[in-house]
Amino acid sequence: MNGSPIIIFPEFPEFSELEEEEVQNVLGYLTSVPSVAASGVGFILVIDRRLDRWATVRATLLRIAGSFPGNLHLVLVLRPTTLLQRTLSDFLFKFNKDEFKMKVVMLSSVTELHAYIDPGQLTTELGGTQEYCHDSWISHRTVRCAFLSFPYMLTNCISSLSVKENDLLIFQEDLQVALSQGGRLLECINEPLQTDPEYNMTYDELENLATVQRLLGQLDETETAFDDFWERHRTKLEQCLQLRHFEQHFREVRAQLDVTSERLSGFSEVSISPAHAEHVLRELSGHEDRDVLDCALSLANEGDRLIENSHYAEDSIRPKCSELREVCEEISSTLRSKKSLLLRAMELHSALEKASRWCEEGIFLLASQPVDRCQSQDGAEAALQELERYLDTAPLHTLADRSAILCQYEATLTTQLRDQVDRVFQKQSSVQEMFEKRRVSLKKLAAKQTRPVQPVAPRPEVKSPLSSPSKHASLSEEEENLAVLRRHVMNELLETERAYVEELLCVLEGYAAEMDNPAMAHLIPSTLLTKKDVLFGNMSEIYQFHKRTFLKELEAYTDCPELVGRCFLERMKDLQIYEAYCQNKPRSESLWRQCSDCAFFQECQKKLEHKLGLDSYLLKPVQRITKYQLLLKELLKYSRGCDGCDDLQEALSSILGILKAVNDSMHLIAITGYEGNLSELGRLLMQGSFSVWTEHKKGHAKVKDLARFKPMQRHLFLHEKALLFCKRREENGEGYEKAPSYSFKHSLSMSAVGITENAKGDNKKFEIWCNSRDEVFIVQAPTPEIKTTWVNEIRKVLTQQLKACRGNVDTQNHISWNKASLSVDASEENDGYSSGEDPMNSDPEDEVGKKLAPGKYTVVADCEKAGPQELSVKSGDMVQLIKEGEEGQW
């Protein structure tokens with residue numbers, strides 16, 4: 001009937017017992033089987049209830065009316081065949097017809113059914129001719145549905161495909177499987193035609209055939225589309241990878257270009273001497289990193305190739321290529337400009353030297369012409385010709401036009417170089433004047449020789465060359481060069497000092513002050529809110545000192561740089577403020593690493609337009625205190641024999657002392673485990689690493705600690721009042737946190753310490769002992785020189801203690817000798833030296849009643865006699881003690 005799909009409900013007494021969900025699922029699936037066009041015509045339901053009752057028929061119709069999901073065209077019901085149920089059906093159907101809400105036709109037999117539906121569309125149970133196997137139909141539908149779902153699955157796979165190569169292989173395999181299954185399904189559908197060419201396919205078979213053919217075509221299109229998609233996807237991935245590599249290389253090359261550009265900016269294009277110009281040019285050539293420029297240009301060419309190959313990120317690549325070429329051109333241009341200026345400066349220096357040398361040789365020529373030779377006409381003519389020949393060389397060696405020279409070399413002229421040009425021109429003028437006067441005299445002598453004539457002696461201007469012209473001129477020029485070099489170093493000191501003060505002010509105003517700005521408070525992390533003093537240390541104090549005091553005092557020595565050492569010596573105590581800054585630097589750097597990425601620092605850096613972060617500026621004070629000693633060394637090198645040379649040497653030593661104190665304090669603050677206050681131990685004098693063995697006395701026998709046969713590695717800290725033994729721990733962390741830490745192990749009071757300078761068997765060993773050698777530490781230094789330095793320093797501490805104790809005793813008891821002046825003979829006992837053996841280093845109450853035993857003693861401190869009955873002794877004297885009196889007199 002008009003191509004409507006037919007659904008047959010066979011006899012099934014338990015239909016009313018089925019769950020509603022099951023019924024809806026079955027009806028939903030059956031209505032989805034036909035095509036959309038067929039479903040739109042409307043379904044025809046055939047309900048076989050010939051063996052059932054009317055009540056069941058009614059319930060079935062009501063259930064279908066309420067749950068059928070599709071468009072119902074007609075419902076054909078084979079009503080019950082028993083007489084009673086058929087009568088009830090005819091009668092009650094008329095009254096209940098309206099409640100079904102669908103077109104229902106009650107049929108009495110399959111014959112009437114054939115009037116509505118062709119028997120060819122009905123199974124044999126309903127008098128039709130169509131052979132139907134339900135199991136076969138289910139199997140066929142399962143395969144068909146699986147095949148139908150495959151194209152949709154492949155489409156979803158394409159949209160969610162990852163970029164891995166394995167996904168491509170898996171997808172291609174699935175696609176081939178789908179095509180293979182579709183081919184087999186098509187063969188199954190066409191199988192009846194292969195056995196019987198006259199076979200007429202049913203509507204379902206025709207529909208299935210069309211569907212499978214359509215899906216196979218869709219799969220072919222999908223395969224083609226996927227190949228195209230994958231090619232485009234792979235190309236995009238390759239271009240993305242190329243872009244990543246290009247950007248990474250761009251960042252690396254750009255950083256190298258920045259370093260190269262910064263290095264070039266540090267080179268001066270002016271020079272103060274030919275040697276200096278040559279040195280700067282050589283250094284400049286050494287920093288001409290062609291590899292970096294070639295790498296940058298190569299990367300730019302690579303970017304051009306990417307653009308030529310239609311890279312999708314052309315808008316990102318092209319500006320970077322342009323930037324690389326511009327920076328390379330800028331660096332090359334700067335390099336060429338600096339080289340050109342330096343070469344011009346060298347050319348000018350060479351011309352000045354050439355002219356100066358010509359003048360000196362001319363002066364020497366005038367001074368070397370013998371007087372007696374000029375008395376004759378021939379001699380005068382010969383001398384005149386000699387002068388003429390020398391003057392003929394002037395155009396090749398001298399400078400012609402001062403204005404032209406100044407104009408030609410204007411770009412390279414400094415104040416010093418301009419003064420040198422003026423001096424050379426003045427020298428040329430003086431020499432040419434001397435030559436002209438000599439020429440006039442010689443011409444007169446050559447033209448008129450009526451009587452002997454004594455040639456005029458050279459003018460006073462050439463008096464110095466007569467004796468030793470080259471030597472004196474050379475000496476004067478050397479002193480002048482040294483003065484120029486001193487002024488150069490002084491200028492560098494002042495310029496860098498002014499720049500340093502400006503940088504400190506910039507940090508204090510641009511960062512430290514901003515931490516108190518309410519408008520910036522929301523950008524400051526909580527870990528930084530109360531840590532301004534930790535981050536900046538005493539930078540404000542350092543700035544005030546340099547701004548108000550040190551810079552002004554340095555500027556006072558601008559014209560006498562050789563005396564600037566006095567300024568450093570007068571302010572040496574003030575410069576010790578750097579010790580506190582350097583001691584705080586590890587804490588500052590640790591805090592910086594925690595907060596370096598916060599928005600506050602980035603905003604401050606952006607406002608200041610700084611290329612470098614705050615950490616670079618926090619390092620400036622450390623770099624500055626180190627720079628002073630380098631500048632003082634340079635000044636000292638150029639000031640030998642000048643007034644102030646000793647002050648420069650002392651200032652350099654003091655600055656180095658501050659640096660040593662800073663270095664020592666950095667180690668000192670790394671000590672852990674010491675329960676006392678390190679500041680109570682006095683000033684730190686020395687620190688270093690040593691190998692240490694220990695020995696102990698047990699009873700009357702001295703026993704080596706066998707467990708210490710292998711030496712302990714210990715770091716010793718020598719203070720004025722104590723000697724600390726620490727164990728060095730592994731270095732870890734970054735920056736200043738790489739400094740080692742020291743675990744406290746043992747300490748010795750210097751008031752109870754003794755030393756033995758030479759331990760047997762090794763010139764790098766010495767002994768430190770206390771308590772009458774009950775405990776001995778054998779210390780091995782890395783070198784004999786380090787050992788000597790430590791022994792001398794320890795002796796100095798012990799000697800100072802002895803003198804202090806002797807002074808205290810002298811003020812209390814006026815005795816002839818005090819016990820602090822003697823020690824047991826080192827050769828007889830232990831070759832040692834100790835302030836702890838001296839009773840004056842112990843509690844005076846403990847010494848009551850104690851007397852020295854008779855024997856030989858070595859004097860360890862000088863003692864002058866205070867009366868006629870006393871003796872004077874010197875350190876190192878050997879004395880024989882007979883007895884000690886009741887009042888401590890010997």
Side-chain angles (χ1 to χ4, degrees), residues 486-487 489-505 536-585 618-669 678-679 681-687 717-720 789 792-793 796-797 800:
R486 286 196 298 272
R487 286 196 295 271
V489 176
M490 190 65 193
N491 288 337
E492 182 181 356
L493 172 60
L494 291 174
E495 290 172 3
T496 54
E497 184 73 12
R498 296 186 187 103
Y500 174 57
V501 171
E502 290 298 325
E503 288 171 342
L504 292 182
L505 178 62
F536 297 98
N538 62 336
M539 181 181 285
S540 178
E541 182 184 3
I542 294 174
Y543 168 74
Q544 295 298 337
F545 164 67
H546 284 269
K547 174 66 175 177
R548 297 179 178 178
T549 306
F550 200 53
L551 176 58
K552 294 180 180 178
E553 294 181 358
L554 286 176
E555 289 173 341
Y557 290 91
T558 302
D559 297 329
C560 46
E562 66 275 6
L563 302 179
V564 77
R566 300 173 186 174
C567 179
F568 280 91
L569 291 176
E570 291 170 358
R571 294 299 173 184
M572 200 55 63
K573 288 186 178 180
D574 296 317
L575 288 171
Q576 291 176 358
I577 58 177
Y578 281 89
E579 292 186 26
Y581 187 86
C582 294
Q583 289 173 2
N584 179 69
K585 196 66 178 73
L618 293 176
L619 195 60
K620 293 292 183 180
V622 182
Q623 296 171 335
R624 189 59 186 169
I625 192 63
T626 307
K627 180 72 172 177
Y628 285 139
Q629 58 101 5
L630 298 177
L631 293 171
L632 286 173
K633 284 181 180 178
E634 287 293 306
L635 273 176
L636 186 61
K637 182 170 67 174
Y638 302 137
S639 304
R640 299 295 182 186
C642 297
D643 292 340
C645 179
D646 294 339
D647 290 337
L648 283 173
Q649 182 63 58
E650 187 177 352
L652 175 59
S653 300
S654 300
I655 287 290
L656 292 175
I658 291 178
L659 293 176
K660 178 182 179 300
V662 168
N663 181 58
D664 291 344
S665 65
M666 298 297 287
H667 289 273
L668 194 60
I669 62 176
L678 290 173
S679 61
L681 302 182
R683 187 164 55 92
L684 177 63
L685 303 176
M686 302 188 74
Q687 53 87 19
F717 293 86
L718 176 61
H719 292 260
E720 291 176 322
T789 303
N792 291 338
E793 192 67 31
K796 188 185 301 182
V797 173
Q800 291 172 351

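Predicted, not measured: the structure shown is a model, and the values here were computed from it.
Distance CG/L718 to NZ/K796: 10.5 Å, rounded to 0.5 Å. Taken from CD in E503 to CE in M539, the straight-line distance is 10.0 Å, to the nearest 0.5 Å. Rounding to the nearest 0.5 Å places CG of L635 at 12.5 Å from CG of D647. Separating the CG atom in L551 from the CZ atom in F545 is a distance of 10.5 Å, to the nearest 0.5 Å. With values rounded to the nearest 0.5 angstrom, R624 atom CZ is found 3.5 Å from T496 atom OG1. Rounding to the nearest 0.5 Å gives a distance of 13.0 Å between NZ of K637 and CG of L632.
A 4.5 Å side-chain heavy-atom check between Y581 and V662 finds every atom pair outside the cut-off. Looking at heavy atoms from C-beta onward, Q629 lies out of side-chain contact with I658 at the 4.5 angstrom threshold. In this structure the side chain of L554 reaches within 4.5 angstrom of the side chain of V564, judged on heavy atoms. Two residues are said to be in side-chain contact when any heavy atoms from C-beta on lie closer than 4.5 Å; L619 and K585 meet this criterion.
Residues H719 and G682 approach most closely at ND1-O, 3.2 Å, considering heavy atoms. Looking at every heavy atom in both residues, V489 comes nearest to L631 through CG1-O, 3.7 Å. Minimum heavy-atom separation, D574 to I577: O-CG1, 3.1 Å. Across all non-hydrogen atoms, the minimal contact from C582 to V622 is SG-CG2, 4.1 Å. The shortest heavy-atom contact between E720 and R683 is OE1-N, 3.0 Å. Counting all heavy atoms, side chain and backbone alike, L504 lies closest to P621 at CD2-CG, 4.2 Å.
Remark: of the listed residues P561, S653, S639, S639 is the sole one forming a side chain to side chain contact (heavy atoms under 4.5 Å, CB included) with L648.
Applying the side-chain hydrogen bond (donor to acceptor under 3.5 Å, both in side chains) criterion to Y543, with sequence neighbours excluded, gives no partner residue.
A donor-acceptor contact shorter than 3.5 Å links the side chain of K660 to the backbone of L685. Not one N or O on the side chain of R486 forms a donor-acceptor pair closer than 3.5 Å with the backbone of E562.
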Side chain to side chain contact (heavy atoms under 4.5 Å, CB included) assessment of I655 paired with M572: CA-CA 8 Å; I655 287 290; M572 200 55 63; 4.1 Å; yes

Stepwise side chain to side chain contact (heavy atoms under 4.5 Å, CB included) check, N538 with N584: CA-CA 9 Å; N538 62 336; N584 179 69; over 6 Å; no

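Counting only residues at least two apart or in different chains, side-chain hydrogen bond (donor to acceptor under 3.5 Å, both in side chains) contacts with residues 547-559 comprise R498-E555, Q544-R548, E553-R571.
Y628 and F568 have perpendicular rings, their planes meeting at more than 60° on a 0 to 90° scale where under 30° would count as parallel. Note: H546 and Y578 have perpendicular aromatic rings, judged against thresholds of 30 and 60 degrees for the angle between ring planes.
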